Protein chains: 2
Amino acid sequence: MQEVPTKVTLVDVARMAGVGIGTASRALSNAKGVAATTRARVLEVAAEHHYVVSPEASRLAKGNTGRVALVVPHLSRWFFGSVVEGLDSVLHHANLDVLLYQVGDQQDRHDFFEQLPARRKVDAVVVVGFQLEDPERKRLESMGVQIVAAGGQSAAYPYIHIDDYAASRQAMDHLLYLGHTRIAMLEAVDPDQPHLVSRRSPAYYEALTEHGIQIDPALVLSGPWGGEQGATMMSRLLSIPKPPTAVFAHFDEVAAGAMRTLRRAGLQPGRNISLIGIDDHPIAELTDLTTIRQKPFEQGVEAARMLLKLLRGEQVENQAVAMPTELVIRGSTAPPTTRESR
Amino acid sequence: MQEVPTKVTLVDVARMAGVGIGTASRALSNAKGVAATTRARVLEVAAEHHYVVSPEASRLAKGNTGRVALVVPHLSRWFFGSVVEGLDSVLHHANLDVLLYQVGDQQDRHDFFEQLPARRKVDAVVVVGFQLEDPERKRLESMGVQIVAAGGQSAAYPYIHIDDYAASRQAMDHLLYLGHTRIAMLEAVDPDQPHLVSRRSPAYYEALTEHGIQIDPALVLSGPWGGEQGATMMSRLLSIPKPPTAVFAHFDEVAAGAMRTLRRAGLQPGRNISLIGIDDHPIAELTDLTTIRQKPFEQGVEAARMLLKLLRGEQVENQAVAMPTELVIRGSTAPPTTRESR
DNA sequence: AACACTTTCGGAAGCGTTTCCATACGAGTA
DNA sequence: TACTCGTATGGAAACGCTTCCGAAAGTGTT
């Protein structure tokens, strides 16, 4: 039924150009040892007949795949999508094909590394936003596959990330500078890797301690990642005897949830209570949320560049590249109002 | 430098299992004509030695690629990311590999179809969220590549979508039911395909007309897609002599921008003015926005299923599948307050 | 007991490249 | 003029699999 497009093979091209098959191949692949005129003739014939090399055959003969796998936990989230966009853009310009593997839950992830669907399918793997476990990494390495992480970190392979501690300090220092002393923290635990402790929390404790502020355990809440969780945690904060004057959320989306709670309570963020997040997620701009900006797209770009080097066999100087973050002030933060500050 | 992993080929497995190469192949590919015990033995040996077929060789021999290309304009947006998640999940379960092509601007897109990077690389192409132009489509078809669209539409190939007209009517009818008569519309034009007129606008006009309400051109604003644009358009609406009591935005993100403007003006959505969007984007939940829900993940799943059928050579009954949408009531809509209703 | 199937199996051919090797041809060199 | 070398070129071998074909062995029928 399906009309098969006319297939032109290398042999056809060679014959039509009146050269040998070897010469044709060399001409097409830009290898040297071919007379200029010969090459021109081959190229012309090839173009004329819309010849395209068969990737399968080429790779079978060459031994490499020209493909890279992107392993991502969640694609529909801004952060991950942006990183992938960045990766994709530079990888494609390098003439590599990008294979997508979404591994939402532990099960998917386990399957991915167990079945090695990537085996012999890719030259490299980019892990986006999570940490590879040791056996997983070994597995990949034993297959001769390069590994790079974007938006995650590890001691075992190169990665691009932001400095979570520093970013959190930026947030906390801003709140402290504004004069807040009663600051809450909404910790978000990644359900995919619950045991992973973020460097964002230590920043909170140390910032307070350095300012001589007593830590109040009642002001630290944690829950799974997500806006709804932020909303819930905020509700809890509003039901303690002396609610905070400012809230530091680990993620903008959590902060957005908290903001909804505030609004429902008739409170105005930035007026009655200050709120700061991390990410500069688009929602931050649309809800007037002060935040610490990071640029996931750029992280993807950087990771891809690093990968390209690795693939070329070059040595990479920095195994870990930290991308900058910056404070973006919007309407959700302000000095504490007198009534509440004391 | 790079330690080449021990390669186990089919021949090795066959020898180790004490069978012929043909039998080994059949056993591994689950073809019939192999005794159960023989198959078991082969499988065991294969597993033991972590054997995985070489996709290149397999495909070279078979003639198909086992790969599908996903062409997506924006990955970092919720809608597109979700569709891709849906596609990815079912495609992978069908043992197909997913190749990702992000074509942000017209240039990328042109390059993609011009250079045919997909040629002989994929069996099918899924276009996510935009319309293929005629020459592009022909090009693909002439290569014997199947086409399916998710979240876009076309008369020329199968697609999954939502009924934009119906969804918009749901939104408008809700507003009208609540008693609003002065309803504005924030049209969003897709910068990628500016000439494409959405079915969302006609729904607005017809709903009003059917209710005997005079169309007021001052209440219809349009601009490029995005939250910032929504904010700007809302500002404009607040500066006309008699602002609307309700606003219908083509997208939740546009509505979110509008909401920010309202808040900055000291107005409360759902109290002073009603606001409704379309999508049920996560931001809608976090901002208490009433909306018409669509499920992009499901659209991806459905599109992938359809593609699978096509790939199997089966006939597809419905060239166009419309997925349901539903009204989700949140805090941003309410009957008009008396002062404003008249 | 002979015959016709059916099931299982082994191996050769072929998929479309790349690459290595042998050959041919000129151009320098002594 | 004879000899050496480097550059072009053709073609075979190899890449690792699927599939086709014929052989072998088992089953059932008359």
Side-chain angles (χ1 to χ4, degrees), chain A residues 4-43 45-46 49-67 95 97 116 119-123 143-144, chain B residues 4-43 45-46 49-67 95 97 119-121 123 143-144:
Chain A
V4 177
T6 338
K7 267 195 202 159
V8 186
T9 76
L10 180 64
V11 181
D12 300 323
V13 174
R15 186 169 28 72
M16 292 186 293
V19 301
I21 159 180
T23 306
S25 172
R26 276 178 294 249
L28 261 353
S29 64
N30 236 306
K32 60 180 180 179
V34 182
T37 68
T38 312
R39 162 161 305 153
R41 186 150 31 92
V42 173
L43 256 28
V45 171
H49 293 262
H50 290 186
Y51 169 77
V52 181
V53 302
S54 152
E56 325 297 340
S58 165
R59 269 131 199 188
L60 175 54
K62 267 210 283 248
N64 76 346
T65 71
R67 269 177 249 127
N95 265 315
D97 278 324
L116 296 200
R119 171 144 194 207
R120 295 163 154 211
K121 281 190 181 172
V122 297
D123 300 330
M143 289 158 34
Chain B
V4 177
T6 339
K7 268 192 199 160
V8 186
T9 77
L10 180 64
V11 180
D12 300 324
V13 173
R15 186 168 29 72
M16 291 187 292
V19 300
I21 158 178
T23 307
S25 172
R26 276 178 294 248
L28 289 167
S29 63
N30 236 307
K32 60 179 179 182
V34 183
T37 68
T38 312
R39 163 161 305 153
R41 186 152 30 94
V42 173
L43 256 28
V45 171
H49 293 261
H50 291 186
Y51 169 77
V52 181
V53 300
S54 151
E56 325 297 342
S58 165
R59 269 131 200 188
L60 176 54
K62 267 209 284 248
N64 74 350
T65 71
R67 268 175 251 129
N95 265 317
D97 277 324
R119 171 142 195 209
R120 293 167 155 212
K121 282 190 180 173
D123 299 330
M143 287 158 36

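Side chains included, hydrogens not; waters and symmetry mates left out as well; all remaining heavy atoms used. Residue numbering restarts at 1 for every chain, and letters A, B, ... go by the order of the sequence lines. Here the structure is a predicted model, which is why all the values come from computation and not from measurement.
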Nucleotide range of DNA chain C lying under 4.0 Å from chain B heavy atoms
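First-to-last contact on DNA chain C, by the 4.0 Å heavy-atom rule, is C/dT8 to C/dT17.
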For [X] and [N], give me the distance from atom [atom1] to atom [atom2], rounded to whole Å.
{"X": "B/Leu60", "N": "D/dA14", "atom1": "CG", "atom2": "P", "value": "17 Å"}
{"X": "A/Lys121", "N": "D/dC17", "atom1": "NZ", "atom2": "C1'", "value": "14 Å"}
{"X": "A/Lys62", "N": "D/dG16", "atom1": "NZ", "atom2": "P", "value": "16 Å"}
{"X": "B/Asn30", "N": "D/dT18", "atom1": "CG", "atom2": "C1'", "value": "15 Å"}
{"X": "B/Leu28", "N": "D/dT19", "atom1": "CG", "atom2": "C1'", "value": "15 Å"}
{"X": "B/Arg59", "N": "D/dT19", "atom1": "CZ", "atom2": "C1'", "value": "17 Å"}
{"X": "A/Ile21", "N": "D/dA14", "atom1": "CD1", "atom2": "P", "value": "15 Å"}
{"X": "A/Lys32", "N": "D/dT7", "atom1": "NZ", "atom2": "P", "value": "8 Å"}

Filtered N/O pairs between nucleotides 20-24 of chain D and protein, under 3.5 Å:
from	atom 1	to	atom 2	distance (Å)
D/dC20	N4	B/Arg26	NH1	2.9

Quick one: closest heavy-atom pair of [X] and [Y], and the distance?
{"X": "B/Arg59", "Y": "B/Asn64", "answer": "CG-O, 2.7 Å"}
{"X": "B/Tyr51", "Y": "B/Thr9", "answer": "CE1-C, 3.5 Å"}
{"X": "A/Ala27", "Y": "A/Leu43", "answer": "O-CD1, 4.0 Å"}

Have a look at A/Thr9 and say if it touches a base, only the backbone sugar-phosphate, or nothing, with a 4.0 Å heavy-atom cut-off.
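Since only primed, P, OP1 and OP2 atoms lie under 4.0 Å of A/Thr9, the category is sugar-phosphate.
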Please classify the nucleic acid contact of B/Thr38 as base, sugar-phosphate, or nothing, using heavy-atom distances under 4.0 Å.
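Sugar-phosphate only.
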Not counting sequence neighbours, which residues clear side-chain hydrogen bond (donor to acceptor under 3.5 Å, both in side chains) with B/Arg67? List them please.
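In terms of side-chain hydrogen bond (donor to acceptor under 3.5 Å, both in side chains), with neighbours along the sequence ignored, B/Arg67 is linked to A/Glu56.
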What residues, two or more places apart in sequence or in another chain, satisfy side-chain hydrogen bond (donor to acceptor under 3.5 Å, both in side chains) together with A/Thr65?
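Only A/Asp123 meet the side-chain hydrogen bond (donor to acceptor under 3.5 Å, both in side chains) criterion with A/Thr65.
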Do any pairs count as a salt bridge (Lys or Arg N to Asp or Glu O under 4.0 Å) and have a residue in residues 23-40 of chain A, sequence neighbours left out, and if so which ones?
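Sorted result for residues 23-40 of chain A: empty, none.
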Check residues 13-25 of chain A and write down every donor-acceptor pair under 3.5 Å in which the side-chain atom is one partner and the other belongs to a residue at least two apart or another chain.
from	atom 1	to	atom 2	distance (Å)
A/Arg15	NH2	A/Asp12	OD1	2.9

Minimum side-chain heavy-atom gap A/Leu28-A/Val42 below 4.5 Å:
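With C-beta onward as the side chain, the pair touches.
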Taking only residues two or more places apart in sequence, or in another chain, which ones meet B/Ala61 in a side chain to side chain contact (heavy atoms under 4.5 Å, CB included)?
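With neighbours one apart ignored, the set is empty.
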Quick check on DNA chain C: between A/Ala61 and B/Gly20, whose nearest nucleotide comes earlier from the 5' end?
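Result of the comparison: B/Gly20.
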Please report the end-to-end axis angle for the helix from C/dA1-D/dT30 to C/dA30-D/dT1, five pairs per end, rounded to 10 degrees.
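Answer rounded to 10°: the end axes differ by 40°.
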Please determine whether a side-chain nitrogen or oxygen atom of B/Ser25 lies at a distance below 4.0 Å from atom OP1 or OP2 of D/dT18.
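Yes, within the criterion.
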Using the side-chain heavy atoms of A/Thr23, tell me which of these nucleotides is nearest: D/dT9, D/dG16, D/dT19.
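So the nucleotide nearest the side chain must be D/dT9.
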